[in-house]
Number of protein chains: 2
Amino acid sequence: MTTNETADAAEPASDAPKRPRSGRATIYDIAELAGVNPSTVSRALSRPGRVSAKTEEKIRRAAAELNFRINPMARALPTGRTMTLAVVVADITNPVVFRTIRGAERAAASSNYTLVIAESQESGSAEASAIERLLPSVDGIVLATTRLAPEVIADIAGRVPLVAINSRPPGVSSVVTDAADAVSQLIGHLVALGHTSIGYVAGPPTSWSSAQRWEALLAESERHGLAVVEIPSGSPTIEGGHAAYRRVIASRVTAVVGFNDLIAIGIMQEAAAAGVRVPDELSVAGFDDIFGSELIVPALTTVRADLDRAGAQAVESLLAQIQDGRPREDAEPMPTELIVRGSTGPASARPL
Amino acid sequence: MTTNETADAAEPASDAPKRPRSGRATIYDIAELAGVNPSTVSRALSRPGRVSAKTEEKIRRAAAELNFRINPMARALPTGRTMTLAVVVADITNPVVFRTIRGAERAAASSNYTLVIAESQESGSAEASAIERLLPSVDGIVLATTRLAPEVIADIAGRVPLVAINSRPPGVSSVVTDAADAVSQLIGHLVALGHTSIGYVAGPPTSWSSAQRWEALLAESERHGLAVVEIPSGSPTIEGGHAAYRRVIASRVTAVVGFNDLIAIGIMQEAAAAGVRVPDELSVAGFDDIFGSELIVPALTTVRADLDRAGAQAVESLLAQIQDGRPREDAEPMPTELIVRGSTGPASARPL
DNA sequence: CTGAAAGCGCTTACAG
DNA sequence: CTGAAAGCGCTTACAG
C-alpha cells in the first residue's frame, strides 16, 4: 500500500499504460512498441535466429530504444538458471585466496556470470550454513576452503554443481596444484645446499594441501635420506608461524618449510626477534609467493603457483559441468615454480 | 524436453505429485503438508505474527520437515527486493580494496544480504557496463572505485541506492577517511624531523582521495612554510612508484609521500636499486598500512585507516538508504592513525 | 486469521 | 515464424 502510493507519486503524471514498479522496460513494453507478441520478444532476445530477421531487427530496435535490460531474477524462475556462481572462502584477507577470487571473477564475468563471494571466517558449520543460504540462488559453487570434511563436500556436490580448489573430495571436481612437484623442487634446492634435517610447519589439520605437502615431503625424505619432522601451526597465518617458532628451534632442523608464505614470514619474524640469522643459522621457505614475500628481508624462497589461473580454471570447469550436467574430468595438477631468494642458504650447524 | 526427461529420469520412481524441477520443496508442498493455503505459508514465513500461533507452528514444522529454503529469486520478483548488494572495485588485488570488501561482506552477511563483487580492471566504460549489468539484480551498490566521473556516479545513484567509498559525488551518500587529519599528522611528523621540501606522488588523476590528500598537503605547506610538489604516478601501484622515482629525485625533496603504500614501496625499491639510502637520504611515507608495509626494510611509515570498518559502514549506510527510501546523512570522515616506522628520519641534504 | 486470485517478468511447449 | 497460454515460486491486496 504505502509502497504503491509512493511509487505512483513518483510516476510522471501521464496516463501511460501501467509501468512496472521498477521503472524499467519489460518485454511487454518492447512487444507493444514493436507490434509483436511478448513471447516473440523473448525468443528474439534469448536465442537469436529463432525469429525472422526483420522481426528480430524491429525487436532489437525497440529494446534499444527502451533501454531494455533483461531481469535476471525473472529469467531465473522459469529456467532455473541464475547465471550466478558462488565462491566460498575461509578468509578473504589471505593473499592466496584473493588471487584465486580475482581469477574466478574474471572467468565468470567473461562468461556473463555474476560472482558472489561468501566468507566463512568462523567455524565449518558457519560455512555449511552460508552455502545452504546461497544454494537456491546460484548455478554452482567454487569451494576454496579447508574447513569442511570431504564427505560433507561430496554431499553438497550431489545437490549443486561444485568444484573444489586445493582439495580432492571423492567424486568431486577439483583443481589442485602439483604438490609432489612443488615439494620435490624445493627439497632438491635444500638438499643441494646441504640440508639433511628439515622441518615442515603444517597448515590447518583439515587442509588437504597441507597433508599433500607433508606426504610429498615424506617421500622426498626417503629418496634423499633426510630427517624430516612435522610441526603444527594452529593457523595458516603469520601468527601461526610465530606460534610454531619455538618448536622449530627445538627440533634442531637446519631448514624449515612453512605450509605457506604467511607461516614462513611469521617464523622469520620470530627468528629476527630472537637474533637467529636467516639463512645463516636457519633456512626458511614457504609456498604461494604472496605479495610481501619479496619485500621481507631476506626475501623469501618460495614455490609459486598461478592462483589467478586456478580460480579461472575452477570456474571454467564449473561452467562446463553446468553445461553438461555432469562433473568434468579433472585437469592435470597445476604446475608450480620454485623461486629461490635470500631466505635459504647453505646448511650450517646452529650454535646451541 | 531433454532437460525434463533428464529430470524425470532422476526422480524416484514413485508417483508422488509433480515435484518442482529443482527438487526443492516449495511453499505449496508445505501448504499441502500443513493443510493450509500457500498464501498462509507465505505469511507465516515472511512476517511471523500475522498468523495464528498454532498455524504458524504447524507451518514451521512442515517447513522444517521438508527442509524448505525460500527461493530468493522467486521472492524478488513480486517484491522487487533481491537481498543482494554489489560492491564494485577497480582492482581486487589492491590490499586496500580487499580489506574494504571483507568489511562489506561481513556487514552484508550479518543482515542476511548476499554480496556480489564486480571488478572493473579496465576502463571506466567497462565499469559502467558492469554496473549496468548488475543493476537489475541488486538492491544497492557500494562503489569503491576511482574511475567514474562524479556526474556519472550521481546519475547511477539516481537509479539505485548507492554509497561511494572514498569519493564524494554531489548528492550521493559516501564514506570517506579524514584526509585533512591524516595529512596533518603525517606532515607534522615530517616537519618535526626537519623536512621543509616534500614531494607528493599522486594516485590516478580521477582519484578523489588523491586530490584530497594533495589539497590537504597544500594547506599544510602554507601553515608550515613548506615547499611541496605534486608528482604524477600513472597508477596507484608499485609500478607507479617505480615510474615516479626519477621525478622524485629530480625534485630534490628530502621527503616523499606516496598516495598509497604501494607507490611508497615502489619508490623505496627504486631508491634501494639506486643506492639511495632510506631514510638517511630520503624519507618515504605512504597511506593505508597494507600488509607488506611492515615487512619491507626499513618498515614503512604510513597512515592507517580502518578499511574493514569503512566497508562495513558503507553497507550499513546503504541498507539504511534502502530501508528509508532516501540517502542517509553522511557520517563523519573516518579517523586515521599515523604509524611511524623506519622509513622516515631526520632531513639531511642529499649529496648531488 | 485465512483463502482465492492476480501478478511479478520471464520462458517454452503447443498450435497454427 | 509467431501467437496464446501456462507456469516458474513467491507476495499481497481483497474478501470473508
Side-chain angles (χ1 to χ4, degrees), chain A residues 1-5 7-8 17-32 34-59 63 66 68-83 135-137, chain B residues 1-5 7-8 17-32 34-59 63 66 68-83 135-137:
Chain A
M1 198 47 153
T2 314
T3 304
N4 270 338
E5 285 174 358
D8 288 345
K18 59 176 180 328
R19 268 337 203 56
R21 106 185 50 188
S22 58
R24 308 191 74 84
T26 70
I27 59 170
Y28 296 95
D29 300 317
I30 299 179
E32 200 179 322
V36 299
N37 188 281
S39 57
T40 304
V41 175
S42 173
R43 286 189 200 99
L45 263 27
S46 43
R47 47 259 305 288
R50 312 250 302 147
V51 143
S52 84
K54 51 180 307 191
T55 348
E56 183 173 338
E57 177 52 23
K58 245 188 335 190
I59 290 174
L66 295 176
F68 174 76
R69 309 259 146 209
I70 199 166
N71 181 327
M73 307 283 161
R75 167 178 269 179
L77 210 41
T79 62
R81 308 278 300 264
T82 64
M83 299 300 282
L135 227 64
S137 20
Chain B
M1 199 49 155
T2 314
T3 304
N4 270 338
E5 283 175 1
D8 287 345
K18 60 175 181 325
R19 270 334 203 60
R21 108 188 46 188
S22 59
R24 308 192 73 83
T26 70
I27 59 170
Y28 295 95
D29 300 317
I30 299 178
E32 200 178 324
V36 298
N37 187 281
S39 57
T40 304
V41 175
S42 173
R43 286 188 200 100
L45 262 26
S46 43
R47 47 257 310 285
R50 311 251 302 147
V51 143
S52 84
K54 53 181 307 192
T55 342
E56 184 174 335
E57 177 52 25
K58 245 189 334 195
I59 291 173
L66 295 175
F68 173 77
R69 308 259 147 210
I70 198 166
N71 180 327
M73 307 284 164
R75 167 178 268 179
L77 210 42
T79 62
R81 307 279 300 264
T82 64
M83 299 302 281
L135 228 65
S137 21

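Every chain is numbered from 1, with letters handed out A, B, ... down the list of sequences.
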Which whole-number value in Å describes the distance from Met73(B) CE to dG7(C) P?
25 Å
Criterion side-chain contact (heavy atoms from CB on, under 4.5 Å) against Val51(B), the qualifying member of Lys58(B), Glu57(B), Glu56(B):
Glu56(B)
Do the side-chain N or O atoms of Ser42(B) get closer than 4.0 angstrom to the phosphate oxygens (OP1, OP2) of dC10(D)?
no
Between CZ of Arg75(B) and C1' of dT11(D) the distance, given in whole Å, is 9 Å
In terms of side-chain heavy atoms of Leu77(A), which of dA4(D), dC8(D), dC10(D) is nearest?
dC8(D)
Closer than 4.0 Å, any side-chain N/O of Thr40(A) to the OP1 or OP2 of dG3(D)?
yes
Considering every strand and a 4.0 Å limit on heavy-atom distances, what is the contact class for Arg47(B): base, sugar-phosphate, or nothing?
sugar-phosphate
Measure the distance from CG on Asn71(A) to C1' on dC8(D) and round it to the nearest whole Å.
13 Å
Could you give the CZ-to-P distance, from Arg50(A) to dG3(D), as a whole number of Å?
14 Å
As an exercise, state the distance from CE of Met73(A) to CG of Asn71(B), rounded to the nearest 0.5 Å.
10.0 Å
Could you tell me how far apart Glu32(B) (CD) and dC10(D) (P) are, to the nearest whole angstrom?
14 Å
Which pair of non-hydrogen atoms, one from Ile27(B) and one from Ser42(B), has the smallest distance, and what is that distance?
CD1-CB, 4.4 Å
So, does the side chain of Arg24(B) form a donor-acceptor pair with the base of dG9(D) at under 3.5 Å?
no
When you compare the side chain of Ser46(B) with that of Arg75(B), does any pair of heavy atoms fall below 4.5 Å?
yes
Check each residue of residues 51-58 of chain B for a non-hydrogen atom within less than 4.0 Å of any atom in DNA chain C, then write out the ones that pass by number, or none.
Val51(B), Ser52(B), Thr55(B)
Which of the following nucleotides, dA4(C), dG3(D), dC8(C), is nearest to the side chain of Ser39(A)?
dG3(D)
Without decimals, in angstroms, what is the distance between Leu45(B) CG and dT2(C) C1'?
15 Å
Smallest separation among heavy atoms of Phe68(A) and Ile30(A), with atom names:
CG-CD1, 3.5 Å
Should Leu45(B) and Ile70(B) be marked as a side chain to side chain contact (heavy atoms under 4.5 Å, CB included) after you check the CA-CA gap, both sets of side-chain angles, and the distance that decides it?
CA-CA 9 Å; Leu45(B) 262 26; Ile70(B) 198 166; 5.7 Å; no
Please report the shortest heavy-atom distance between Arg24(B) and Leu135(A), naming the atom on each side.
NH1-CD2, 3.8 Å
Mind calculating the distance between CD1 (Ile27(B)) and P (dG3(C)) to the nearest angstrom?
12 Å
Of the candidates dG9(C), dA4(C), dT12(C), the side chain of Arg43(B) sits closest to dA4(C)
Of all heavy-atom pairs between Pro72(B) and Ser137(A), which one has the smallest distance, and what is that distance?
CG-OG, 3.7 Å
Compare side-chain N and O positions of Asn37(B) against OP1 and OP2 of dT2(C) and report whether any pair is under 4.0 Å apart.
no
Please figure out whether Gly35(B) or Ala74(B) has its closest DNA chain C nucleotide nearer the 5' end.
Gly35(B)
Any side-chain heavy-atom pair from Ile59(B) and Thr40(B) closer than 4.5 angstrom?
yes
Answer yes or no: is there a side-chain heavy-atom contact under 4.5 Å between Pro136(B) and Arg69(A)?
yes
Can you find a donor-acceptor pair, distance only, under 3.5 Å between Tyr28(B) side chain and dC10(D) base?
yes
Under a cut-off of 3.5 Å for both distances of each Watson-Crick or G-U pair, what dot-bracket string does DNA chain C give, using [ ] for crossing pairs and | for inter-strand pairs?
|||.||||||||.|||
Over how many whole Å does the gap from Asp29(A) atom CG to dG9(C) atom P extend?
9 Å
